[in-house]
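First the structure, in the form of structure tokens, and then the observations on it.
We number each residue from 1, following the sequence as shown. None of these values were measured; they are calculated from a predicted model. Counting starts at 1 for both ligands and their atoms, in listed order.
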Amino acid sequence: MDSAPSSMTRLLHPDVAPQPGGTPLTTPIYQTSTYELPRTAEAARIAASVAPGAFYTRYGSPNAREAEAMLADLDGAEAALLVGSGMAAISAALLSTVAGGPGGGLGGGEVLAQRSHYTASLTLLQEMLPGFGVPVRLVAQEDLAAEVRPETRVVYVETPSNPTMTLTDLRAVRAAAPDAILIADNTFATPYNTRPLELGVDLVVQSATKYLNGHSDVTAGVVTGSAALVAKAWETARVLGPVCHPFEAWLLARGLKTFPLRMARHNANGLAVAEFLAGHPAVRAVHHPGLPSHPQHDLAVRQMRGYGAMLAFTVADADAAARVMRSTRLCRNAVSLGGSESLITHPASLVFAHQGAASGVDPAMLRLSVGLEEVEDIVADLAEALSTVDR
Ligand code: PLP
């Protein structure tokens, strides 16, 4: 072959170390918490190294290493850190950038972030970091670039954000904050649709629980970026201990092989369902970046290769939303997203538990994670459920 295979093709051919008896096509599951060490000074060198793969499973494992190599390659990053959940990835990325250093990590500076973030990220930003003395300023997502100040040291963004599908202009934020550490949650878009490191982001965080694994059977998270920043995130995770265990890492490496196939189908299904809902008389609004009616559709065209399968739609009122929720059959009522099956949730009821009525989430809004089913079946299910709603 004259040209190197693409990163999507490389996902199908991970590096698998030879084993006694042969070289398997998949890495065996290293179901051990610890490894026998050489009885030489080499043991101390392994213990002191960053992310040793065969030392102690809280530090890493051959299965985590394999998934990390695939995830770094997919993002075009120097390095990746795999941990036990998306929140663990976000916590490791944020805590490792705000901590330490003479005079405190931020040296009198601040973290700038959005008012709309995944609910647990918002708790970390709004309550926990300030509790540790870290100043955090939350601003309207669309105004983020304009809100950068000289004291802004870390910018934390999420695009599209959960659940409103609002976008952050990554290039504009980078240009406005050239010296800040820019961290982006790319869970909704995935590297298939948005490539944050190529747009100037320093650290990408993702819940691998969602599209990366894709089968609703793993909880995991990943941080990607430069080797230096990922090593700092690893050090934080080593201390806090949110391990991605070998079997979970193995399942993730397995799920990643079909990631590009699944994303192509998610993109097509997501857009088709958004278009169906946009034309339905019982639907007041549809929030999906692929629709020309999305207020930031131009930015979506510039920043996204496809528009994903997450969308929110608004019906007449909270009562109508409850009736739709009760009536879908194929679209299951469950939190999470990015799995093979379509899921529907009522964000206002779910975030109220953590943020109260101040969350501002419209009680007439429903969120859909469009799955991999035949799109006609998804549309038929939604049409049936919407028929229960008075126009
Ligand atoms: N980021 C986003 C955008 C999410 O939607 C979620 C979970 O839904 C997370 C992060 C957290 O991921 P996890 O549940 O794997 O901790």
Side-chain angles (χ1 to χ4, degrees), residues 64 67 71 75 80-95 113-126 128 141 156-168 170 183-194 196 201 203-224 233 237 240-245 248-249 251-252 255-256 266 270 287 289 304 307-312 332-339 341 343-347 349-351 353-355 359 361 365-371:
L71 290 161
D75 265 355
L81 165 69
L82 184 65
V83 284
S85 69
M87 280 317 301
I90 292 166
S91 305
L94 272 169
L95 291 174
Q114 304 169 182
R115 263 187 223 120
S116 47
H117 278 295
Y118 170 62
T119 174
S121 307
L122 213 47
T123 307
L124 177 66
L125 290 159
Q126 233 171 353
M128 289 197 180
Q141 188 174 349
Y156 181 75
V157 303
E158 177 181 325
T159 181
S161 65
N162 187 357
T164 54
M165 304 304 297
T166 310
L167 306 185
T168 305
L170 297 175
I183 307 174
D185 183 336
N186 200 36
T187 300
F188 271 32
T190 82
Y192 192 83
N193 287 328
T194 300
V201 166
L203 273 181
V204 178
V205 289
Q206 290 176 85
S207 170
T209 313
K210 319 299 185 198
Y211 292 103
L212 294 173
N213 177 61
H215 294 76
S216 308
D217 52 11
V218 163
T219 307
V222 60
V223 182
T224 46
L240 298 182
V243 182
C244 182
H245 294 281
E248 270 62 28
L251 279 172
L252 174 59
L256 279 170
H266 276 302
H287 311 279
M304 303 183 80
Y307 307 109
M310 291 305 299
L311 61 90
R332 313 276 284 274
N333 173 15
V335 295
S336 202
L337 58 109
E341 57 293 296
L343 300 180
I344 189 165
T345 52
H346 184 235
S349 333
L350 299 174
V351 301
H354 299 288
Q355 288 162 34
S359 69
V361 175
M365 189 174 84
L366 296 162
R367 191 190 78 175
L368 260 185
S369 168
V370 179

Quiz item: Looking at side-chain heavy atoms only, is the closest gap between Met165 and Tyr307 below 4.5 Å?
Solution: no
Practice problem: Could I get the full list of side-chain contact (heavy atoms from CB on, under 4.5 Å) partners for Asn333, not counting sequence neighbours? | Solution: Met325
Self-check item: Flag side-chain contact, heavy atom, 4.5 Å: Met304 against Thr159
Solution: no
Quiz prompt | Option among Leu124, Val205, Val223, Val83 that satisfies the side chain to side chain contact (heavy atoms under 4.5 Å, CB included) test with Ser91 | solution = Leu124
Exercise. Could you verify whether a donor N or O on one side chain and an acceptor N or O on the other, from Gln141 and Ser161, lie under 3.5 Å apart?
Key: yes
Quiz item: With side chains defined as the heavy atoms from C-beta onward, is the minimum distance between Tyr156 and Ser121 less than 4.5 Å?
Solution: yes
Short N or O separations between ligand 1 and the protein, below 3.5 Å:
| from | atom 1 | to | atom 2 | distance (Å) |
| --- | --- | --- | --- | --- |
| ligand 1 | 1 (N) | Asp185 | OD2 | 2.7 |
| ligand 1 | 5 (O) | Asn162 | ND2 | 3.0 |
| ligand 1 | 8 (O) | Lys210 | NZ | 3.1 |
| ligand 1 | 12 (O) | Ser207 | OG | 3.1 |
| ligand 1 | 15 (O) | Gly86 | N | 2.8 |
| ligand 1 | 15 (O) | Ser207 | OG | 2.7 |
| ligand 1 | 15 (O) | Thr209 | OG1 | 2.7 |
| ligand 1 | 16 (O) | Gly86 | N | 3.0 |
| ligand 1 | 16 (O) | Met87 | N | 2.8 |

